[in-house]
Trainee: 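Before anything else, here's the structure in question.
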Amino acid sequence: MLLEGLGLSFYDYVTLLTTGRGGQFRSDARNLRYQPSGEEPVIYAGSRRGMPYPVRADFSPAGEQPFVPRFLTEAAVVALRESGPGIRDFTRDVWPLLAKEVEWAFYSVQYTQLHGTRGFEDFSARYAATDWDSPGMHELITGLFPQRWMQWDWDRDAKPSAGRRFRDPVEFGGFAADYHRAVLDEAAAGVTRSPRRAATAALRRLREPVRLAVSHHGIAGSSYRRDVENWFDGLSKFLVWGPPPVRVEELLALLEAGVVHLIGPQTRVTLDRTSAAFTAESPMVDRSRVTARVLIDARLPATDVRNATDPLIASMRAAGDCRPHLISDAATPPGYLVGSLDVTENTFSLVRRDGQAHPRRFAYGVPLRGILGPFGTALPAVVEHCDAIVATACTVRAATSPAAATAKTKVGTTPRSAVPHDALGRPHAASMAFLAERHGEIS
């Protein structure tokens, strides 16, 4: 059996095809071992990167201090968005702050690992005062961290096997297993002892600042397509979206048992119609060609309401009650259409074809993937967003009640004065309970 895709869905399919068919994992003195049931298939899996997602970036020992941004702060995001829609560029305006933040998380731990605490405050001040990727920053980093292994490298961490060729699938499988064991060890060490773990954990915790910086016309449509969809989305998912440690440990056991085989980087899958079979092969792994009659596409499809077959979305689209989100672009107007449903910023009211927001319809979650940013949304922000939806709905209900008949507001809008907002236009969560109590349940 072939599995195309090595993200979170890959892990789900592997679980269904192994323990879901009666296989069992047992612990010995050192590792997990897989005991086959005889009902599981032999699984050959591959993708463009060739490497399954490593353990999730937020896994670390309990009791560690929360991450607080120094550079991609709320104030920095507010400043970015003040220049107007359709102008900003991700690689020019957002990425330098994001990269500087992640690399600071790495180097702040690496410094104490190599040099102790002496001189750390001076290093911190010089780092903060120096532009990311400038000659001054390169001089600062190479002076304190002269060897390559001491330095953060985006390409090395996002593409572990880049530039390597393997003589056979066994060699690549061993390389992949060693990589995952190393990441598991770093996860167990935690963000205070592992520089790379500190960096990837910081990247995960920057999900909400990045969303606020890029969503709802935060960057130009052409930049979103080029820089987010075609580059940063894949990089960030690999570094932060992985499974919990137990799933990676199970994968290592399945590799050892010969139940799962990794094909290699740049896996290509073709269909031979004559033999009615699928063929997969990696150009970076010699003798990796494999043929199977069953192929599972384990990749998550992109969200695109324009092609939705769901009866609700399809009927609303046909009636003009919803539309895809357009990211404005001053250089190439009108902009770039993404597949997400269009909603109002912060309150998530569904926008109709004529541009008016529906007062009682809201959308959230998967249909907004192109709006919520490359990471999706972190849990605290999800609660905040849902609170905002409830607050808006409660306000609309109160405004349309008999008691408010003489104080109606324009359809499709919510008075900002009804709900206190912060500098980024987000409703304060503290006001939500008051509104819910005041206006009662939503019918």
Trainee: Go through the steps to decide whether Tyr364 and His385 satisfy the test side chain to side chain contact (heavy atoms under 4.5 Å, CB included), and finish with yes or no.
Mentor: CA-CA 9 Å; Tyr364 196 68; His385 298 163; 2.6 Å; yes
Trainee: Between Trp104 and Trp132, is the ring centroid distance below 6.0 Å?
Mentor: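 Not close enough - the centres of the two rings lie 6.0 Å or further apart.
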Trainee: Quick check, are the ring centers of Phe123 and Tyr111 under 6.0 angstrom apart?
Mentor: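 Yes - the distance between ring centres of Phe123 and Tyr111 falls below the 6.0 Å cut-off.
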Trainee: Mind checking the CG-CD spacing from Leu144 to Gln110? Nearest 0.5 Å is all I need.
Mentor: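 Answer rounded to 0.5 Å: 11.0 Å.
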Trainee: Is there a donor-acceptor contact under 3.5 Å from the side chain of Thr303 to the main chain of Val366?
Mentor: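 Yes, Thr303 side chain to Val366 backbone: donor-acceptor pair under 3.5 Å.
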Trainee: Check Asp321 with Arg352, please: is the shortest side-chain N to carboxylate O separation under 4.0 Å?
Mentor: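 Salt bridge between Arg352 and Asp321, a charged N being under 4.0 Å from a carboxylate O: no.
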Trainee: Does one side chain, of Glu4 or Tyr44, offer a donor that lies under 3.5 Å from an acceptor on the other?
Mentor: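 Judged by distance alone, the side chains do not pair up.
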Trainee: Between atom CG of Leu98 and atom CG of Leu206, what is the distance when rounded to the nearest 0.5 Å?
Mentor: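 The CG atom of Leu98 sits 6.0 Å away from the CG atom of Leu206.
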Trainee: Between Thr267 and Ile263 (side chain of the first, backbone of the second, donor and acceptor by atom type, cut-off under 3.5 Å), is there such a pair?
Mentor: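 Flag not set: sc Thr267 to bb Ile263 has no pair under 3.5 Å.
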Trainee: About how many Å separate CD1 of Ile219 and CG of Leu80, when rounded to the nearest 0.5 Å?
Mentor: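 Output value for this atom pair is 10.5 Å.
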Trainee: Of all residues at least two apart in sequence or in a different chain, which pass the side-chain hydrogen bond (donor to acceptor under 3.5 Å, both in side chains) check with Arg164?
Mentor: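 For Arg164 there are no side-chain hydrogen bond (donor to acceptor under 3.5 Å, both in side chains) partners, ignoring immediate neighbours.
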Trainee: Check this for me: does any side-chain nitrogen of one of Arg81 and Glu345 sit under 4.0 Å from a carboxylate oxygen of the other?
Mentor: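 Looking at Glu345 together with Arg81, the answer is yes, because their closest N to O distance falls below 4.0 Å.
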Trainee: Give a yes or no on whether the backbone of Ser134 and the side-chain of Asp131 come within a donor-acceptor separation of less than 3.5 Å.
Mentor: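 Side chain of Asp131 to backbone of Ser134, a donor-acceptor pair under 3.5 Å: no, none is there.
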Trainee: Rounded to the nearest 0.5 Å, what separation is found between the OG atom of Ser328 and the OH atom of Tyr224?
Mentor: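 So the gap between those two atoms works out to 13.5 Å.
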Trainee: Mind listing the closest non-hydrogen atom pair of Val285 and Pro265 along with its distance?
Mentor: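 Looks like CG2-CD, 4.0 Å.
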Trainee: Return the minimal non-hydrogen interatomic distance between Thr130 and Arg126, and the atom names on each side.
Mentor: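 In terms of heavy atoms, the two residues are closest at OG1-O, 2.6 Å.
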Trainee: May I ask you to decide if the ring planes of Phe166 and Phe175 are parallel, tilted or perpendicular, using 30° and 60° as cut-offs?
Mentor: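 Aromatic pair Phe166/Phe175 classed tilted.
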Trainee: Is Glu101 paired with Arg70 through a side-chain N to carboxylate O contact shorter than 4.0 Å?
Mentor: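 Result for this pair is no, no salt bridge flagged.
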Trainee: Going by atom types alone, do Asp329 and His217 pair a side-chain donor with an acceptor below 3.5 Å?
Mentor: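 Their side chains do not contain a donor-acceptor pair, so the 3.5 Å distance test is not met.
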Trainee: Under a plain distance cut-off of 3.5 Å, with no hydrogens placed, do Thr347 and Thr344 share a side-chain donor-acceptor pair?
Mentor: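 Indeed, the side chains of Thr344 and Thr347 share at least one donor-acceptor pair under 3.5 Å.
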Trainee: Can a salt bridge be assigned to the pair Lys100 and Glu103 using a cut-off of 4.0 Å between side-chain N and carboxylate O?
Mentor: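 Salt bridge flag = no for Glu103 with Lys100.
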Trainee: What distance separates Leu32 CG from Tyr34 OH, expressed to the nearest 0.5 Å?
Mentor: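 It comes to 12.0 Å.
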Trainee: Return the CD to OG distance between Glu208 and Ser215, rounded to the nearest 0.5 Å.
Mentor: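 The CD atom of Glu208 sits 8.0 Å away from the OG atom of Ser215.
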Trainee: For Arg48, does the CZ atom have more than 12 heavy-atom neighbours from other residues, nucleotides or ligands under 6.0 Å away?
Mentor: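 Check fails, neighbour count at 12 or below.
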Trainee: So which heavy atom on Leu255 is nearest to which on Leu262, and how close?
Mentor: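 Looks like CD2-CG, 4.0 Å.
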Trainee: For Arg197 and Val183, run side chain to side chain contact (heavy atoms under 4.5 Å, CB included): C-alpha distance rounded to whole Å, both residues' side-chain angles, the deciding distance at 0.1 Å, then the answer.
Mentor: CA-CA 8 Å; Arg197 202 63 193 168; Val183 177; 4.0 Å; yes
Trainee: Only one of Glu229, Arg226, His325 passes side-chain hydrogen bond (donor to acceptor under 3.5 Å, both in side chains) with Tyr336; say which it is.
Mentor: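 In the set Glu229, Arg226, His325, the residue that makes a side-chain hydrogen bond (donor to acceptor under 3.5 Å, both in side chains) with Tyr336 is Glu229.
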Trainee: How close do Ser349 and Ala357 get, heavy atom to heavy atom, and via which atoms?
Mentor: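 Here Ser349 and Ala357 meet closest at CB-CB, 4.1 Å.
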Trainee: Grab the two heavy atoms, one from Pro283 and one from Arg165, that are nearest each other, plus how far apart they are.
Mentor: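 Closest approach of Pro283 to Arg165: O-NH1, 2.6 Å.
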Trainee: Return the minimal non-hydrogen interatomic distance between Arg353 and Arg317, and the atom names on each side.
Mentor: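 Distance-wise, the nearest heavy atoms are NH2-O, 3.0 Å.
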Trainee: Can you confirm if the aromatic rings of Tyr107 and Trp152 lie within a centre distance of less than 6.0 Å?
Mentor: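 Between Trp152 and Tyr107, the centre distance exceeds or equals 6.0 Å.
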